[in-house]
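Throughout, numbering of the chain's residues begins at 1 and tracks the sequence. From a predicted model like this one, the values you see are computed outputs, not experimental measurements.
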Amino acid sequence: MAIGYLTIQARTAHDAVPLSGVMISITDSQGNTIYQLTTDENGEAQEVPLETLDKSFSQNAYFTGTPFLSYNVRAQAAGFNSLFVSDIPIFEGENAILPLALVPMQEQQRTPYQTDITIGKPAVAMHEMREQEGPASSPYVLRQVVIPNPITVHLGTPDSSARNVQLSFPDYVKNVASSEIYPTWPNAALAANIYAIITFALNRIYTEWYKSRGYSFDITNSTAYDQAFVYGRPIYESVARIVDEIFNEYVRRKGQNAPYFTSFCNGTTVTCSGLSQWGTVSLANRGYTPLQILRSYYPKDVEIAETNAITGALSSYPGAPLKTGSTGLDVQTIQSWLNRIRRNYPAIPAITDTSGDFQKSTRAAVTKFQRIFNLTPDGIVGKGTWYKISSIYTAVSRLAELNSEGSTLGIGTVPPSSVLRQGSRGQDVVTLQYLLNVLAQYYPDIPAPDQDGIFGSGTRQSVAAFQRVMRLDADGIVGPLTWEALYETYRGIQQNVPPASPDSGTLRYVVQAGDSLWLIAQKYDTTVNAIKQLNGLTSDMLSIGQVLKIPAPPNHSTIQYTVKPGDSLWLIAQKYNTTVNAIKQLNGLTSDMLNVGQILKIPSSQNSPAREYTVKAGDSLWLIAQKYNTTVNAIKQLNGLTSDRLSIGQVLRLP
């Protein structure tokens with residue numbers, strides 16, 4: 001019997017938050033349990049071998065059976081809803097990487113509900129006809145070819161009431177390729193098919209095929225109209241490696257900029273005028289290159305082009321790989337991003353190299369990041385690694401910004417009583433848009449609206465999407481039921497999602513006779529709630545020999561502060577040159593409410609007076625933060641800034 005592999009990763013908030021302690025059960029098609037696993041601090045369970053069929057069956061166009069064996073995965077974690085992913089194809093020699101995007105439970109939710117996802121056979125094995133429509137020579141619509149980040153996918157035919165989901169473009173391409181073809185095919189055949197998949201999607205974007213027709217999405221997952229996509233499916237490593245290298249490359253005709261309309265079908269049970277998926281295998285076996293394969297089905301003058309225009313990207317790839325010995329601002333950028341990501345993924349080692357100098361510790365951090373996120377672990381920042389680091393940095397930073405913003409807004413515990421609809425304005429709309437932006441990080445169905453205080457069409461779409469998720473009347477109007485559901489969902493996230501480690505590290509502790517959570521918390525200068533959140537505990541019960549993760553003790557002492565009338569967390573944080581989140585984490589607070597006489601622990605390493613800095617020409621908050629080893633948010637909080645704009649001569653206080 002042949003062997004394939006399965007790796008499971010449990011994360012949430014666009015991969016910004018790894019979920020440790022998730023219980024995983026793997027069963028075969030008869031329901032027999034094969035493995036029971038638990039995810040580690042990176043949210044990953046160990047790679048496991050699984051029996052399957054010889055890969056030669058999936059390389060034979062005339063084999064009429066199912067060329068793989070299938071397995072099921074159930075994932076359960078305290079504070080999160082469960083997932084059951086069934087009918088996962090396993091191929092000989094291939095590692096299937098299954099992402100589990102767990103959703104936090106609501107505040108008052110007593111038991112988790114279960115989401116079921118069925119994977120099934122790839123589209124190449126189906127007999128359904130394809131009726132892909134599109135211009136072979138695209139009219140000029142957009143000014144340039146751009147990579148959408150994110151891309152919005154409609155999970156049904158164009159006119160259906162199916163939901164939309166958003167994800168990064170490389171992840172979309174990996175999903176489609178894993179849903180369309182077999183990962184055991186020769187590399188040239190895989191690459192040719194992936195080029196066709198990328199180009200098909202970019203043609204839809206470039207021509208605004210759906211947006212110009214009034215739809216709120218970029219592409220569908222209907223194979224009759226577009227290409228296969230199964231939200232929540234596993235991605236195969238052989239596919240992922242190729243996509244990471246070519247995700248911004250596409251097919252065009254010489255002399256034209258537009259992506260060619262690369263229609264395709266399996267070429268056996270379904271024929272078409274475009275690329276034959278099975279035909280690419282025959283040509284690859286004859287030694288054809290990917291471009292030669294493409295020219296066998298599309299016009300002879302097609303070529304491979306590249307675009308570096310990526311919407312939402314923080315910074316463009318510098319054009320050449322960064323590696324040991326590289327220096328400059330691009331290296332400094334990567335070092336800064338990785339050090340921030342490390343707060344959420346403490347397994348990434350600290351970078352101790354001089355800023356802007358790529359040496360041993362930078363290479364070690366890059367390599368570990370690549371291992372965590374299924375990239376080739378060569379310690380070199382190529383195109384795929386650059387954009388993955390950028391993507392994860394964006395996710396963790398956005399989450400941190402939203403958490404900080406929530407403290408500033410003072411969301412409170414009681415929903416507003418107002419009824420909001422399109423055209424409404426004011427502070428309650430600001431609160432609504434903030435809540436929707438937070439929820440959009442955890443629910444792929446909910447698009448994030450602009451936070452402008454104006455209830456426009458984008459906010460209405462977000463509200464309606466939220467209402468559909470919550471099984472409410474999707475009228476786009478925010479009344480009492482919708483407000484209550486928003487707050488229940490938001491508070492559930494605050495309670496159940498583990499916070500990023502504030503000091504980038506944790507300790508491991510083995511429970512001994514006589515231990516209690518309170519005693520352990522006192523010993524390591526932390527709180528019972530902090531330990532419970534970090535370990536996903538729902539009770540105070542411990543077992544001898546149980547391994548706990550403990551927040552690493554701060555490298556500074558704390559002072560005690562007694563809350564006085566008129567105090568707030570924000571005022572106390574300003575007084576002691578710290579942050580609201582730092583005080584809340586240190587004291588295990590889940591809300592901003594304080595009581596007169598309450599005793600708080602305050603980080604005291606930051607009690608020294610803040611230094612002053614005078615803004616000069618060319619300065620930005622990001623450059624100043626990098627220079628003084630702090631963060632943009634820390635500077636803004638310390639100075640009460642609400643925007644990133646600076647004035648020459650302005651005096652800033654720096655931590």
Using the salt bridge (Lys or Arg N to Asp or Glu O under 4.0 Å) rule, take R163 and D445 through it: C-alpha gap first, then chi angles, then the decisive distance, then the call. CA-CA 6 Å; R163 61 193 182 113; D445 314 55; 2.5 Å; yes
Can a donor-acceptor pair be found between the side chains of [X] and [Y] at a distance below 3.5 Å?
| X | Y | answer |
| --- | --- | --- |
| N193 | T280 | yes |
| S168 | N149 | no |
| S179 | N175 | yes |
| Q422 | S457 | no |
| Q467 | T482 | yes |
| E249 | Y195 | yes |
| N164 | S216 | yes |
| E44 | Q9 | yes |
| S70 | D87 | yes |
| D226 | T223 | no |
| Y215 | E208 | no |

Classify the ring geometry between F217 and Y210 as parallel (under 30°), tilted (30 to 60°) or perpendicular (over 60°).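 The rings of F217 and Y210 sit tilted, inter-plane angle from 30° to 60°.
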What class does the angle between the rings of Y490 and Y434 fall in, given that below 30° is parallel, 30 to 60° is tilted and above 60° is perpendicular?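 Plane angle over 60°, so perpendicular.
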Does M470 form a side chain to side chain contact (heavy atoms under 4.5 Å, CB included) with T489? I'd like the steps, not just the answer. CA-CA 9 Å; M470 295 296 137; T489 308; 3.7 Å; yes
Assess whether side chain to side chain contact (heavy atoms under 4.5 Å, CB included) is satisfied between L19 and T12, documenting all intermediate values. CA-CA 7 Å; L19 299 177; T12 191; 4.1 Å; yes
Would you confirm whether [X], through its side chain, and [Y], through its main-chain N or O, come within 3.5 Å as a donor-acceptor pair?
| X | Y | value |
| --- | --- | --- |
| T199 | V251 | yes |
| Q109 | Q106 | yes |
| Q108 | E488 | no |
| N81 | T115 | no |
| D450 | D452 | no |
| N72 | S86 | no |
| H154 | S160 | yes |
| T394 | S390 | yes |
| N266 | M126 | yes |
| N248 | T307 | yes |

Run the side-chain contact (heavy atoms from CB on, under 4.5 Å) test against Q132 and tell me which residues pass, sequence neighbours left out.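 For Q132 the side-chain contact (heavy atoms from CB on, under 4.5 Å) partners, ignoring immediate neighbours, are R130, F200, F261, S263, F264.
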Does the pair D244 and K174 meet the rule for a salt bridge (Lys or Arg N to Asp or Glu O under 4.0 Å), with working shown? CA-CA 9 Å; D244 286 329; K174 292 174 185 178; 2.9 Å; yes
With a 4.5 Å cut-off on side-chain heavy atoms, are [Y] and [X] touching?
| X | Y | answer |
| --- | --- | --- |
| P299 | Y260 | yes |
| T220 | T157 | no |
| L202 | I147 | yes |

Just checking [X]: does its [atom1] atom have more than 12 heavy atoms from other residues, nucleotides or ligands closer to it than 6.0 angstrom?
| X | atom1 | answer |
| --- | --- | --- |
| K388 | NZ | yes |
| R471 | CZ | no |
| E401 | CD | yes |
| E306 | CD | yes |

Of Q256, R252, R253, which is the lone residue that meets side-chain hydrogen bond (donor to acceptor under 3.5 Å, both in side chains) with D301?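 Passing option: R253.
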Which atom of P416 lies closest to which atom of W483, heavy atoms considered: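 Result for this residue pair: O-CD1, 3.5 Å.
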Spatial distance of atom [atom1] ([X]) from atom [atom2] ([Y]) [nearest 0.5 Å]:
| X | Y | atom1 | atom2 | answer |
| --- | --- | --- | --- | --- |
| Q427 | S418 | CD | OG | 10.5 Å |
| F229 | I219 | CZ | CD1 | 10.0 Å |
| F169 | S391 | CZ | OG | 14.0 Å |
| R11 | L100 | CZ | CG | 10.0 Å |
| Y182 | Q59 | OH | CD | 11.5 Å |
| E128 | S222 | CD | OG | 10.0 Å |

Please determine whether side chain to side chain donor-acceptor pair (under 3.5 Å) holds for the pair S238 and E94, giving the CA-CA distance in whole Å, both sets of side-chain angles, and the decisive distance to 0.1 Å. CA-CA 7 Å; S238 58; E94 290 293 328; 2.9 Å; yes
Only one of T52, N95, L69 clears side chain to side chain contact (heavy atoms under 4.5 Å, CB included) with I90; which?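 Going through the options one by one, the only one that passes is T52.
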Side chain to side chain contact (heavy atoms under 4.5 Å, CB included) between I477 and L420, intermediate numbers included: CA-CA 6 Å; I477 298 172; L420 303 179; over 6 Å; no
Let's go through V73 and L6 carefully: what are the C-alpha distance in whole Å and the side-chain angles of both, what is the deciding distance for side chain to side chain contact (heavy atoms under 4.5 Å, CB included) to 0.1 Å, and is it a yes or a no? CA-CA 10 Å; V73 168; L6 178 63; 3.9 Å; yes
Verdict with reasoning, R204 to D218, per salt bridge (Lys or Arg N to Asp or Glu O under 4.0 Å): CA-CA 7 Å; R204 290 295 196 228; D218 299 310; over 6 Å; no
ring-ring contact (aromatic ring centres under 6.0 Å, His included), paired with F57, selected from F63, F68, F91: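 Answer after filtering F63, F68, F91: F63.
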Could you tell me whether Y387 and F247 have their ring centroids closer than 6.0 angstrom?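 Under 6.0 Å, so yes.
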Check ion pair R491-E484 (N to O, under 4.0 angstrom):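 So R491 pairs with E484 through a salt bridge.
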Assess whether side chain to side chain donor-acceptor pair (under 3.5 Å) is satisfied between E180 and Q227, documenting all intermediate values. CA-CA 8 Å; E180 281 281 353; Q227 44 197 12; over 6 Å; no
R241 and N187: side chain to side chain donor-acceptor pair (under 3.5 Å), yes or no, with the steps? CA-CA 10 Å; R241 283 195 299 268; N187 278 347; 5.8 Å; no
